Amino acid sequence: MPPKKRPAAQSASGPHTAKRPAAAIKRPAGHQAACPHSVSNFSEALVERLDLQLKVDFDRQVLAGECQLTVRSLQPVDHVILDVLDLEVQEVTKEDGTAVQWKVQKPPGAKANFGQSLTIDLDAEVTKVCVKYETTEKSTALQWLRKEQTQGKEFPLCFTQSQAICGRSLLPCQDTPSVKAPFTIALTVPAALTAVASGNPSGDVVTQGDSRTFKYEQNVPVMSYLIGFVVARLESCRIGPRSTCYAEPGVLQAAQKEFQDIVEEFIITAQEVVGGADYEWGSYNVAVMPSSFAYGGMENPNCTFMSASLIPGDRSLTPTLAHEIVHSWIGNLVTNAFWKDFWLNEGFTRYIERRVLGKLYGPAFRGLLLMVGYNDLVKAVEMLTKQGTPGLTRLEPQIDEIDPDDAFSRVPYEKGSLFLIYLEQIVGGEQAMTDWLRSYVQEFRGRSIETADFKAHFLKFFRTVKRVNEVDWEHWLHGEGLPDFDLSAHADKSLLDECRSLADSWLQSGSADVETGHMKAQQWMLFLDHLINAVVGGKQISEPALAEMDGKYKFSATANVEVSFRWCLLGCRCRWRGCLDLTAKFLASHGRGVYVKPLYLALKDFDEERARSIFQQNRSFYMSVVTRQVAAFLDK
Ligand code: BES
Ligand code: ZN
């Protein structure tokens with residue numbers, strides 16, 4: 001139980017609340033200083049470093065241990081407020097072991113429920129406080145898989161996913177992307193298992209009885225959402241001069257084949273596209289996640305998480321690897337200050353990722369990727385509009401009262417990337433953008449910035465370029481729906497025409513007879529996107545035509561999850577019962593939100609009962625963020 005005494009100056013309207021930007025966000029006065037998704041008082045007292053020691057208890061499915069926080073007062077305040085969510089705080093002590101006053105409460109006056117506040121008394125300018133705590137079964141950052149749910153089926157598995165605001169359910173912290181701190185983490189796990197965390201190993205693995213302790217350190221200051229780890233029966237292999245791949249033994253070889261060598265090629269090329277800024281993290285490693293992972297990839301530093309779904313065997317899904325690598329500069333060094341600025345992380349990363357792939361595989365391939373992305377944008381805009389939340393189609397949306405995970409869509413990715421393509425035309429091409437990116441990364445590395453900071457920097461950098469006056473910032477940043485920009489006039493179209501004409505042929509005559517053996521996976525995605533768009537627009541594709549298509553192109557048997565997802569989606573949208581078993585199988589083996597949510601939505605329109613029964617069977621397989629969102633429209 002917490003001590004009875006109420007910590008002083010607890011409310012946000014206390015005597016010492018004059019707002020000043022925290023050290024981590026150096027931005028001009030007048031900008032927003034508080035983070036709407038965090039209760040922490042980081043502009044008054046800043047967490048400078050974190051040292052975690054946790055025991056991973058698979059029997060109870062909890063983490064237990066302590067988190068030491070080094071806190072510096074920036075203002076004359078006598079307390080620090082941290083974010084916590086469903087954590088059981090047991091005790092808070094000073095370095096010398098003496099007890100400190102603390103209190104967990106529902107934040108007074110909070111408009112939305114993003115967790116609780118943990119208020120801890122401070123008695124010096126720099127204070128080390130140690131919070132002893134346990135996670136609970138409700139901790140949304142954690143996924144526990146029973147051994148039967150793993151690839152090897154012999155050992156259980158546990159991993160974390162803290163972005164966007166789940167970090168507070170893993171540790172008490174200032175859970176805002178505006179705060180960066182170095183950290184260390186020591187993880188004690190059953191001896192048969194390995195822990196890999198988002199840092200570099202520090203010191204030897206220590207075996208004690210039937211457990212082992214793995215230690216990692218992250219010396220580059222990072223946001224709470226980048227603190228993460230996976231614990232499982234893992235083996236490792238080299239995939240590049242600074243890169244190791246970790247995976248369950250049964251998938252390691254396939255992972256190695258998929259990522260070997262290209263990982264280094266991607267790092268070097270990404271560095272060129274951002275204008276040469278150093279790779280600051282030392283190693284770049286990949287941990288293969290179970291296919292229930294809610295994302296394709298997650299840019300945890302020194303330990304990108306990559307879904308096992310993205311290993312089809314032909315490297316056709318490695319653009320995601322390029323994407324996560326680009327986050328080493330964009331996102332992990334230059335960071336969105338608030339979640340409304342998420343496009344500064346993801347839109348930039350998508351733009352640069354495709355520049356990287358264009359550089360390596362040619363402009364035609366870049367054009368293809370851009371068009372696949374444009375279709376993703378079209379689908380996202382359509383879904384958000386239909387759902388009655390058109391405000392979420394803005395690049396800089398107002399999401400102060402929404403969980404960023406619920407605002408998540410392809411809009412910040414694709415509208416953001418499209419905006420940068422548009423700006424590329426305005427400033428005169430790729431080299432001009434690279435010169436600007438060099439300056440952007442140099443200026444903002446290690447900092448958290450808002451959309452306004454990007455805009456000011458861009459305008460200053462290109463002040464002599466007349467055409468910059470043409471940019472309609474309001475339209476791009478705050479307009480809803482699809483932007484007024486014709487991508488096809490600016491992208492290389494050489495790989496596009498054949499997928500469109502193939503799709504047109506099926507739509508017009510219910511068949512096609514052309515050689516398709518050379519077509520790339522992304523061309524198949526685009527082909528299926530054309531068909532899906534046509535069906536949404538009212539066209540019909542007959543059941544025999546769908547069956548013939550499957551016979552010809554073997555979509556049901558594809559190892560490419562992006563193609564398979566689109567095939568199931570098309571089938572559901574055509575109300576084709578022949579696709580139901582395949583869709584059920586897909587939903588039982590992949591947990592990535594961008595597939596699962598649209599598929600359940602389409603299935604709900606088609607066969608609501610079946611949608612519900614498939615969801616019931618799989619809900620413990622998905623991560624909680626996905627389960628919650630699907631339940632929101634299926635459990636009604
Ligand atoms: N950082 C994101 C994943 C993420 C975003 C997790 C928001 C939680 C909240 C990661 O870099 C990402 O963008 N993944 C994409 C990859 C794709 C765009 C190539 C994904 O998983 O879909
Ligand atoms: Zn990303």
Side-chain angles (χ1 to χ4, degrees), residues 37 140-141 143 159-167 169-170 175 177 198 222-228 266 270 286-289 291-301 303-310 316-336 338-354 356-357 369-370 372-377 379-380 392 399 402-418 521-522 525 561-562 565 590-598 623-626 628-629:
H37 297 107
T140 49
Q143 197 188 16
F159 66 84
T160 68
Q161 169 60 44
S162 288
Q163 199 181 14
I165 58 168
C166 296
S169 76
L170 183 62
D175 199 10
S198 51
V222 291
M223 304 65 75
S224 51
Y225 77 78
L226 289 183
I227 301 176
F266 286 174
V286 175
V288 178
M289 291 291 115
S291 56
S292 62
F293 191 46
Y295 303 93
M298 174 66 212
E299 65 273 27
N300 296 318
C303 177
T304 280
F305 283 5
M306 192 66 74
S307 167
S309 298
L310 299 185
S316 55
L317 297 176
T318 50
T320 304
L321 180 65
H323 177 94
E324 304 313 332
I325 285 172
V326 172
H327 276 309
S328 306
W329 292 270
I330 302 297
N332 294 5
L333 279 189
V334 181
T335 308
N336 51 217
F338 305 113
W339 294 114
K340 71 173 173 61
D341 304 301
F342 187 49
W343 80 277
L344 295 180
N345 276 18
E346 298 299 345
F348 270 63
T349 297
R350 280 244 101 158
Y351 166 77
I352 297 166
E353 154 210 341
R354 290 171 180 147
V356 169
L357 296 161
L369 295 173
L370 287 171
V372 173
Y374 189 80
N375 277 315
D376 283 347
L377 179 62
K379 280 183 274 185
L392 296 181
I399 54 164
I402 309 175
D403 183 332
D405 285 344
D406 295 340
F408 182 85
S409 79
R410 283 290 176 241
V411 168
Y413 289 78
E414 299 303 343
K415 202 179 199 175
S417 153
L418 204 61
Q522 282 78 9
M525 295 176 206
V561 69
E562 291 282 347
F565 156 65
H590 305 284
R592 187 175 177 185
V594 290
Y595 308 141
V596 167
K597 281 182 269 171
M623 283 171 65
S624 63
V625 53
V626 171
R628 175 167 59 81
Q629 290 170 355

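Here the structure is a predicted model, which means the values were calculated and not measured. In listed order, ligands and their atoms are each counted from 1.
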T320 N/O to ligand 1 N/O under 3.5 Å | no
Please verify whether a non-hydrogen atom of F342 lies at under 4.0 Å from ligand 1.
-> yes
Applying ring pair (Phe, Tyr, Trp, His ring centres under 6.0 Å), name anything that partners W343, two or more places apart in sequence or on another chain.
-> F348, F419, F454
Should I402 and L392 be marked as a side chain to side chain contact (heavy atoms under 4.5 Å, CB included) after you check the CA-CA gap, both sets of side-chain angles, and the distance that decides it?
-> CA-CA 10 Å; I402 309 175; L392 296 181; 4.2 Å; yes
Around atom 4 (C) of ligand 1, find the nearest protein heavy atom and jot down its residue, atom name and distance.
-> Q163 OE1, 3.3 Å
Do any heavy atoms of R410 fall under 4.0 Å from ligand 1?
-> yes
Using a 4.5 Å cut-off on heavy atoms from C-beta on, say whether the side chain of L310 contacts that of V561.
-> yes
Polar contact flag, side-chain donor to acceptor under 3.5 angstrom, H323-E299 | no
Measure the distance from atom 3 (C) of ligand 1 to every protein heavy atom, then report the residue, atom name and distance (to 0.1 Å) of the closest one.
-> G297 O, 3.7 Å
Counting heavy atoms only, name the option from E346, R350, E353, E324 that's nearest to atom 19 (C) of ligand 1.
-> R350
Per-residue contact class, H323 against ligand 1 - non-hydrogen pairs under 4.0 Å | side chain
What's the atom name of the N, O or S in E346 nearest to the Zn ion (ligand 2)?
-> OE1
Under 3.5 Å donor-acceptor, H37 side chain and P177 backbone | no
May I ask you to check if ligand 1 and Y413 share an N or O to N or O distance below 3.5 Å?
-> yes
Numbered atoms of ligand 1 (with element) below 4.0 Å of F408, judged on heavy atoms = 5 (C), 7 (C)
On the 0 to 90° scale, with breaks at 30° and 60°, tag the F305-F159 ring pair as parallel, tilted or perpendicular.
-> perpendicular
Could you tell me the residue and atom name of the protein heavy atom closest to atom 17 (C) of ligand 1, and the distance to it rounded to 0.1 Å?
-> R592 NH2, 3.8 Å
Salt bridge present between E414 and K379 (N-O < 4.0 angstrom) = no
Does Y595 have any ring pair (Phe, Tyr, Trp, His ring centres under 6.0 Å) partners at least two apart in sequence or in another chain, and if so, which?
-> F565, F586
Polar-atom distance check: G296 versus ligand 1, any N or O pair below 3.5 Å?
-> yes
Worked check of side chain to side chain contact (heavy atoms under 4.5 Å, CB included) between Q629 and V596 = CA-CA 10 Å; Q629 290 170 355; V596 167; over 6 Å; no
Against heavy atoms of H327, which atoms of ligand 1 measure under 4.0 Å?
-> 11 (O)
Which of S307, S309, S291 passes side-chain hydrogen bond (donor to acceptor under 3.5 Å, both in side chains) with H590? Answer is S309
Would you mind telling me if ligand 1 is within reach of the side chain of Q161, the backbone, both or neither, using heavy atoms under 4.0 Å?
-> side chain
Any N or O of E299 that comes nearer than 3.5 Å to an N or O of ligand 1?
-> yes
